[in-house]
2 protein chains.
Amino acid sequence: MAPTRERILDATAELFRRYGYTGTGLKQVVAAANAPFGSLYHHFPGGKQQLGAEVVHRAGHMYQKLVESVFDSGADAVEGTANVFSGAAEVLKATDYADACPIATVALEVASTDDTLRQATAEVFESWIQGATTRFADAGVPEARARELAILLVAALEGAFVLDRAMRGTEALRVAGAAAATAVEAALAG
Amino acid sequence: MAPTRERILDATAELFRRYGYTGTGLKQVVAAANAPFGSLYHHFPGGKQQLGAEVVHRAGHMYQKLVESVFDSGADAVEGTANVFSGAAEVLKATDYADACPIATVALEVASTDDTLRQATAEVFESWIQGATTRFADAGVPEARARELAILLVAALEGAFVLDRAMRGTEALRVAGAAAATAVEAALAG
DNA sequence: GTCTATAGAAGGATAGAC
DNA sequence: GTCTATCCTTCTATAGAC
């Protein structure tokens, strides 16, 4: 079995994704992680805020690696972009519209309430944008335009998650994916 | 002064937008609404869930009217689309990155925890999509494509809100707005 | 209909034995 | 480092006086 600290982090990430930050209780966390309550404060003396910040960074990094591997599985940047959205749609459907972005819910919740956590979510988004920018630049898109495409990709993905989780469908991911792929194509052609 | 029931609804909408559903306490609500605690359960016997559902519908409707009036202020659908994003960016900045979409935070929070509320958010999004679809169709876009554009507009707006609130900037709204306007232009030309 | 008081559960956090 | 017991606050919700 994984060490206690890791189990707590993983369990929290899963709970955040479904119930958000304020919606996840620490008692719920230790129950899901099969850990005694005290060990939570042993490993995270900063309490819920510290745990939250570490989870945001950890989950953000893992999700980035996952999405990038899906992107890189495409033959080119256009196909890679399309694959990210279709892959996300599959996961969303398979988890009964529960597992979407591990960061977005927390990001909206803490944006005006906890600046430490807000900064953590901002760093994750910036890292995602950087990763995508590099890929588009490598594909031949001029630097400035590459960053715009990257922001567009992340924003379209996040926005589609909001709509599709609420409406329990994958229409938004499909539409947003097609639009993002078209934008990438245009940037490569122009 | 507005009647108690309205004051409660308006105060709750404002609190939801900033702190979300789970992050907003009912005591906080009655304090902000200048109402005694008991009157909350007099007017909303269904408790927090009923209050939440009514607020989602009410705020969703008001926001739709607001956005549509901004859209209609444009000379055509392309300019209208662009105006929606630039207007949103202004409001976001003016409120210190607090007042974005009144629905999105709640939508993500309740998507997997409360089906009544989830349905309320879904109805609001569908209404927004319908409103935008009509406008694009009236501008000459074929029906099926008009709905896709509408979904794209809403998703891009929501996604940009997530990024910009987290990063405390308006870059995503700017990029997403330009992309949405371009997509509308292409649909009108094609 | 208005308002106060309080119940009962759950929240985050801490102390201290082992 | 592990684990239990407990503190204090806050939460939603209810009861009942006026």
Side-chain angles (χ1 to χ4, degrees), chain A residues 1-56 105-106 108-118 120-121, chain B residues 1-56 105-106 108-110 112-118 120:
Chain A
M1 190 156 57
T4 304
R5 198 173 197 282
E6 312 264 303
R7 289 207 316 280
I8 291 177
L9 286 168
D10 288 340
T12 306
E14 181 67 16
L15 290 167
F16 277 5
R17 187 179 349 216
R18 301 199 178 195
Y19 311 117
Y21 181 74
T22 51
T24 298
L26 295 184
K27 297 184 182 180
Q28 204 179 346
V29 166
V30 293
N34 257 313
F37 195 83
S39 70
L40 196 158
Y41 277 88
H42 171 73
H43 293 292
F44 305 92
K48 194 181 189 180
Q49 190 188 49
Q50 184 193 344
L51 173 61
E54 288 199 32
V55 164
V56 164
T105 310
V106 176
L108 287 179
E109 285 181 283
V110 304
S112 301
T113 59
D114 188 319
D115 207 62
T116 299
L117 281 172
R118 192 222 95 227
T121 65
Chain B
M1 190 156 56
T4 304
R5 196 173 199 281
E6 312 264 303
R7 288 207 317 280
I8 291 177
L9 286 169
D10 289 339
T12 306
E14 181 65 17
L15 291 168
F16 276 5
R17 178 162 21 197
R18 300 199 178 196
Y19 311 116
Y21 181 74
T22 51
T24 298
L26 295 184
K27 297 187 178 180
Q28 206 178 346
V29 167
V30 293
N34 257 312
F37 194 82
S39 70
L40 196 158
Y41 278 88
H42 171 72
H43 293 292
F44 305 93
K48 193 179 190 182
Q49 189 189 50
Q50 184 193 344
L51 173 62
E54 288 199 32
V55 164
V56 165
T105 310
V106 176
L108 286 179
E109 286 181 283
V110 305
S112 301
T113 59
D114 187 318
D115 207 63
T116 299
L117 281 172
R118 193 222 94 228

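The structure displayed is predicted, hence computed values, not measured ones. Below, chains carry the letters A, B, ... as their sequence lines are ordered, and counting in each starts from 1.
An angle of 10°, rounded to 10°, separates the two end axes of the helix from C/dG1-D/dC18 to C/dC18-D/dG1, each defined over five pairs.
Protein atom NE2 of B/H43 is 7 Å distant from nucleotide atom P of C/dG1, rounded to whole Å. Rounded to an integer number of Å, the gap from CD of A/Q28 to P of C/dG11 is 7 Å. Distance, A/F44 CZ to C/dG12 C1': 15 Å, rounded to whole Å. Atoms CG (A/L40) and C1' (C/dG11) sit 13 Å apart, rounded to a whole Å.
Sorted by first and then second residue, the salt bridge (Lys or Arg N to Asp or Glu O under 4.0 Å) pairs involving residues 36-55 of chain A (not counting sequence neighbours) are A/R5-A/E54.
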(request) Evaluate the side-chain contact (heavy atoms from CB on, under 4.5 Å) criterion for residues A/L51 and A/L9: first the C-alpha distance (whole Å), next the side-chain angles of each, then the deciding distance (0.1 Å), finally the verdict. (result) CA-CA 7 Å; A/L51 173 61; A/L9 286 168; 4.0 Å; yes

(message) Does A/V30 form a side-chain contact (heavy atoms from CB on, under 4.5 Å) with A/S39? I'd like the steps, not just the answer.
(response) CA-CA 9 Å; A/V30 293; A/S39 70; 5.6 Å; no

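The salt bridge (Lys or Arg N to Asp or Glu O under 4.0 Å) check on B/E14 picks up B/R17, B/R18, with sequence neighbours excluded. Qualifying salt bridge (Lys or Arg N to Asp or Glu O under 4.0 Å) partners for A/D114, counting only residues two or more places apart in sequence or in other chains: none.
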With 3.5 Å as the limit, what N/O pairs link the protein to nucleotides 13-18 of chain D?
{"from": "D/dA13", "atom 1": "OP2", "to": "B/Y41", "atom 2": "OH", "distance (Å)": "2.6"}
{"from": "D/dA13", "atom 1": "OP2", "to": "B/K48", "atom 2": "N", "distance (Å)": "3.0"}
{"from": "D/dA13", "atom 1": "O5'", "to": "B/Y41", "atom 2": "OH", "distance (Å)": "3.1"}

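The pair A/R118-A/D115 counts as a salt bridge, with a side-chain nitrogen and a carboxylate oxygen less than 4.0 angstrom apart.
Using a 4.5 Å heavy-atom cutoff, the side chains of B/T105 and B/Y21 are not in contact. Side-chain contact between B/T22 and A/Y19 is absent, with no heavy-atom pair separated by less than 4.5 Å.
Within residues 9-23 of chain B, no residue has any heavy atom closer than 4.0 Å to DNA chain D.
Listed pair A/T4 / D/dT2 meets the phosphate criterion, a side-chain N or O lying under 4.0 Å from OP1 or OP2. Between B/H42 and C/dC3, a side-chain N or O to OP1/OP2 separation shorter than 4.0 Å is absent.
The CG atom of B/L15 lies 5.0 Å from the OG1 atom of B/T24; values are rounded to the nearest 0.5 Å. Atom NE2 of B/H43 and atom CD of B/E6 lie 10.0 Å apart (nearest 0.5 Å). Within the model, atoms CD1 of B/I8 and CG of B/L40 stand 4.5 Å from one another, a figure rounded to the nearest 0.5 Å.
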